[in-house]
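Numbering of residues begins at 1 and proceeds along the displayed sequence.
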Amino acid sequence: MIQQNKQSLNELFKQTRLNNQLSSSEMADQLKISLTTLSKIENGLRQVDAETLLRLMQLFNISPSLEIMEDSNKTSLPTYINSNYVKKTLDQMHLIMHRLPKLRTESFKGNPLKEMVVDELPVLITKAFQLDKNDYKITGSIGKGQFAEIPWLCVFLKDITKSATKGYYIVFLFSADGKSVHMSLNQGWTFFHNKYRTKVARKKIQVAAQTLKRELLLNENEWITGPIDLQAHGILAKGYEVGNIFAKQYFLNDLPNTIQFKEDFYTLLQSYNEINLLRGKRSVDEFTESLLLIEDGLFIDEDEEDDFNINVQKELITVDNEVDVSQENDAKEARQPAIQKVGKPKYTRRVKVAADALKKADYKCALDENHITFTNKSSGKPYVEAHHLIHMSAQGDFEYELDCIENIASLCPTCHRLLHHGANHEKERSIEALYNKMVDGLSNKKIYLPLPELKKLYQID
C-alpha cells in the first residue's frame, strides 16, 4: 500500500475529479474501480493501492510528487473550528425557535428577533467555523417591513453568489411554527421563478437539485434529499422547500450535539465548494442552465443520438397539434456554447427545432421519399430521425445559428445510421445528395460551407 498522507490523497483524487468536471461514476469508470471505493478514497476512509494511484497519474498527467493540484476557483475551507462558538450557535438557534411564535405576534419594528437572526447569529456562525470574510458572506433576514414567513440565515460563497435570489448557498431555514430549523444546501428560487413562472419553476428547480445531487459525494441515507417541509404556504417558502439539494432537520427539543453539528456543517461546506469547482469558468446562470439542458429540450451535440431522437418523437405530439410550423425567416446569430468538461465548448441542439424540421419534411426521408419505415407509436406518423447536416460541433466556425430547420435533414433510420457508421464511399454519395438538396436553404440562413469542407466534417478526404 502507498503510505502517503491520507488527507493529501483525498484531496488529490477529489481535486482531479472536480478539475476535470467528471461525475463520480465517470471518474470511477476511468480508474476502473467501484463508485463505493472512489467515495471512500475521496473521504479519506480508504488507502490507495499503487495500481490505482499510478492509473490516476497516467490518465491525468499528474506529477509523481503528489502535490495537490491548485484550482483558481477553489476556496479554502476552514482548518480550525471553535467549539465554544459552535455551542453558542446551537444555543442561539434554540432561542430563536423557542421565541419565534411569540415574537411574530409583536411589532416588527425593533423586534428582538431581528437582533437574534440578523445581527447575532451571523457573528456566531462566522466565529464557530472560522469562515474567511474574503470568501464567505453570512446574512440573516426576518423580512423587510414585515415578518417573512420563514426567517433565514444564508452562508454565501462569494465566488458563486451574494444573494439568496440566485445561485447556490447554505441556508438555515426556521420553520414557520418554530419547531425546527433546516440546514440546507439550496438554490436561488427567484432565478427559476422569473424564468419559468411558479408551476413550471417548481419542477425545474427540483430537476436541477436532483441533477446536481448526483455529482456530489454525500451519503444520501444521512441527508434529506428532495423537498423539505417548512410548515409554510407562501411562494418564496415553497421555493426553499423544493430547492433543497441536501439538508438536515434539527428540532427545537432535539438539537444535535456540537460534534455532530460540526460534522454536518463542514460536510455541507465541502459540497458547497465542490459546486464551485463543478461550475468551472461558467457563470452561475450558465451552470444552472447546464443542469436543465435535457429538461429544457436541449441536448449537447455529442449526446447519444438515440436519446435526442426519442425526445424529438415526444415533441412531435405537441408540434403536430400546431397549425403552422414555426419558422424564422431571418438568419439568427449563433447562440453561446454550453461549456462542458475541461472547459471545451459544446453546443446544444433543440428538440423543438428538430421536430419542426421533421414535420416540414412531411415525415419522409430526405435521401429517398420512397424509403419504407414504420409508424411511430407516439405520434402515429412515419418514423424518421433528425440529423444536422453540418454538425453542431462546428458552430464555433460559423457566425450564424446551425441549429435551424434548414440544416436538419429528415432521414429514415437506415440512412441516418449510414451517415454515422457507413463506409466512406457510401457516406460520400449521401452527403453530396443532401448537400445539393439543402444548400439553398443554408444560404438563406447565411450558412456557407463548400462541399469538400463538409466532407471533412464526416472525415472523408
Peer 1: So do H416 and H420 actually touch side chain to side chain, heavy atoms under 4.5 Å?
Peer 2: yes
Peer 1: W152 and V117: which non-hydrogen atoms are nearest, and at how many Å?
Peer 2: O-CG1, 3.6 Å
Peer 1: Are D91 and K87 close enough for a salt bridge, meaning some N to O gap below 4.0 Å?
Peer 2: yes
Peer 1: Verify, without hydrogens or angle tests, whether Q395 (side chain) and T348 (backbone) share a donor-acceptor contact under 3.5 angstrom.
Peer 2: no
Peer 1: Would you confirm whether K166, through its side chain, and G188, through its main-chain N or O, come within 3.5 Å as a donor-acceptor pair?
Peer 2: no
Peer 1: Taking everything shown except K158 itself, do over 12 heavy atoms lie less than 6.0 Å from its NZ?
Peer 2: yes
Peer 1: If I compare all heavy atoms of S180 with all of Q249, which pair ends up nearest, and what's the gap?
Peer 2: OG-NE2, 3.0 Å
Peer 1: State plainly whether the residues K352 and E315 are in salt-bridge range, i.e. N to O under 4.0 Å.
Peer 2: no
Peer 1: Would you check if there is a donor-acceptor pair between the side chains of S379 and Y363 at a distance under 3.5 Å?
Peer 2: no
Peer 1: Mind checking the CD1-CG spacing from I405 to N407? Nearest 0.5 Å is all I need.
Peer 2: 11.5 Å
Peer 1: When you measure from the side chain of R17 to the backbone N and O of M27, does any donor-acceptor pair fall under 3.5 Å?
Peer 2: no
Peer 1: Going by heavy atoms in the side chains, are I245 and S184 under 4.5 Å from each other?
Peer 2: no
Peer 1: Please report the interatomic distance CG(L269) to CG(L131), rounded to the nearest 0.5 Å.
Peer 2: 6.5 Å
Peer 1: Rounded to the nearest 0.5 Å, how far apart are CG of L22 and OG1 of T16?
Peer 2: 9.5 Å
Peer 1: Are a donor atom and an acceptor atom from the side chains of S175 and D177 found within less than 3.5 Å of each other?
Peer 2: yes
Peer 1: Supply the atom-to-atom distance N273 CG to I160 CD1, rounded to the nearest 0.5 angstrom.
Peer 2: 7.5 Å
Peer 1: Identify the two heavy atoms, one from P256 and one from L90, that lie closest to each other, and give their separation to 0.1 Å.
Peer 2: O-CD1, 3.5 Å
Peer 1: Go through the structure and list residues passing side-chain hydrogen bond (donor to acceptor under 3.5 Å, both in side chains) with E263, not counting sequence neighbours.
Peer 2: none
Peer 1: One thing to verify: whether E333 and K446 come together as a salt bridge, which I'm taking to mean a side-chain N less than 4.0 angstrom from a carboxylate O.
Peer 2: no
Peer 1: Please examine the side chains of M97 and F174, heavy atoms only from C-beta on, and report whether any two atoms are closer than 4.5 Å.
Peer 2: yes
Peer 1: Which residues satisfy the side-chain hydrogen bond (donor to acceptor under 3.5 Å, both in side chains) test with T198, sequence neighbours excluded?
Peer 2: H193
Peer 1: Just do the side chain to side chain contact (heavy atoms under 4.5 Å, CB included) check on L56 and T52 with the steps written out, would you?
Peer 2: CA-CA 6 Å; L56 180 82; T52 302; 5.8 Å; no
Peer 1: Keeping R104 on the side-chain end and A148 on the backbone end, is there a donor-acceptor pair under 3.5 Å?
Peer 2: yes
Peer 1: I125 vs V155, test: side chain to side chain contact (heavy atoms under 4.5 Å, CB included). Steps then yes/no.
Peer 2: CA-CA 9 Å; I125 289 284; V155 178; 4.3 Å; yes
Peer 1: Within the distance-only criterion (no hydrogens, no angle test), does the side chain of R350 pair as donor or acceptor with the backbone N or O of D403 below 3.5 angstrom?
Peer 2: yes
Peer 1: Taking the side chain as C-beta and beyond, is there a heavy-atom pair between I150 and L236 under 4.5 Å?
Peer 2: no
Peer 1: Taking side chain as C-beta onward, heavy atoms only, is L173 less than 4.5 Å from N186?
Peer 2: yes
Peer 1: Less than 6.0 angstrom from the centroid, inside 45 degrees of the normal: does K195 satisfy that with respect to the ring of F192?
Peer 2: no
Peer 1: Any sub-3.5 Å donor-acceptor pair from Q313's side-chain atoms to I310's backbone N or O?
Peer 2: no
Peer 1: Please tell me if the side chains of F287 and I275 come closer than 4.5 Å, counting only heavy atoms from C-beta onward.
Peer 2: yes
Peer 1: Would you compute the distance between atom CG of L252 and atom CG of L95 and round it to the nearest 0.5 angstrom?
Peer 2: 10.0 Å
Peer 1: Has K262 got more than 12 heavy atoms of other residues, nucleotides or ligands less than 6.0 Å from its NZ?
Peer 2: yes
Peer 1: May I ask you to decide whether E274 forms a salt bridge with K14, counting only side-chain N to carboxylate O separations under 4.0 Å?
Peer 2: yes
Peer 1: Could you check whether any side-chain N or O of T373 sits under 3.5 Å from a backbone N or O of Y383, counting only pairs where one atom can act as donor and the other as acceptor?
Peer 2: yes
Peer 1: For H94 and H98, does a side-chain donor sit closer than 3.5 Å to a side-chain acceptor?
Peer 2: no
Peer 1: Once you round to the nearest 0.5 Å, how far does CD of E26 lie from CG of L31?
Peer 2: 12.0 Å
Peer 1: Would you call the rings of F308 and H388 parallel, tilted or perpendicular, taking 30° and 60° as the class edges?
Peer 2: tilted
Peer 1: Compare all side-chain heavy atoms of I224 with those of F246 and state whether any distance is below 4.5 angstrom.
Peer 2: no
Peer 1: Name the orientation class of the two ring planes belonging to F265 and F261 (parallel below 30°, tilted from 30 to 60°, perpendicular beyond 60°).
Peer 2: tilted
Peer 1: Testing the 3.5 Å rule here: is there a donor-acceptor pair between the side chains of T165 and S163?
Peer 2: yes
Peer 1: Decide side chain to side chain contact (heavy atoms under 4.5 Å, CB included) for Y85 and V123; before the verdict, give the C-alpha distance in whole Å, the side-chain angles of both, and the deciding distance to 0.1 Å.
Peer 2: CA-CA 9 Å; Y85 275 99; V123 174; 5.9 Å; no
Peer 1: With R99, which residues qualify under side-chain hydrogen bond (donor to acceptor under 3.5 Å, both in side chains), at least two apart?
Peer 2: none
Peer 1: Checking K32 side chain against R55 main chain: does a donor-acceptor pair fall under 3.5 Å?
Peer 2: no
Peer 1: So which pairs with a foot in residues 107-119 pass side chain to side chain donor-acceptor pair (under 3.5 Å), sequence neighbours left out?
Peer 2: none
Peer 1: Which heavy atom of G143 sits nearest a heavy atom of F108, and at what distance?
Peer 2: O-CZ, 3.4 Å
Peer 1: Looking only at heavy atoms, which two atoms of A394 and L402 are closest? And how far apart?
Peer 2: C-CD1, 4.0 Å
Peer 1: Does any non-hydrogen side-chain atom of L113 lie less than 4.5 Å from one of I96?
Peer 2: yes
Peer 1: Does NE2 in H233 sit with more than 12 non-hydrogen atoms of other residues, nucleotides or ligands closer than 6.0 Å?
Peer 2: no
Peer 1: State whether a side-chain donor-acceptor pair under 3.5 Å links S410 with K364.
Peer 2: no
Peer 1: Treating N244 as the side-chain partner and G226 as the backbone partner, does any N or O pair qualify as donor plus acceptor under 3.5 Å?
Peer 2: yes
Peer 1: Give every residue pair that meets the salt bridge (Lys or Arg N to Asp or Glu O under 4.0 Å) criterion with at least one member in residues 386-399, sequence neighbours excluded.
Peer 2: none
Peer 1: Evaluate the criterion ring-ring contact (aromatic ring centres under 6.0 Å, His included) for residue pair Y168 and Y272; output intermediate values, then yes/no.
Peer 2: CA-CA 8 Å; Y168 306 87; Y272 190 17; 8.1 Å; no
Peer 1: Once salt bridge (Lys or Arg N to Asp or Glu O under 4.0 Å) is applied, what residue pairs with a partner in residues 231-257 remain, sequence neighbours excluded?
Peer 2: K238-E241, K248-D264
Peer 1: Given side chain to side chain contact (heavy atoms under 4.5 Å, CB included), test W189 with V242 step by step and report yes or no.
Peer 2: CA-CA 9 Å; W189 163 252; V242 296; 4.3 Å; yes
Peer 1: Any sub-3.5 Å donor-acceptor pair from E406's side-chain atoms to N444's backbone N or O?
Peer 2: no
Peer 1: Give me the atom names and distance for the closest heavy-atom approach of L121 to L153.
Peer 2: CG-CD1, 3.6 Å
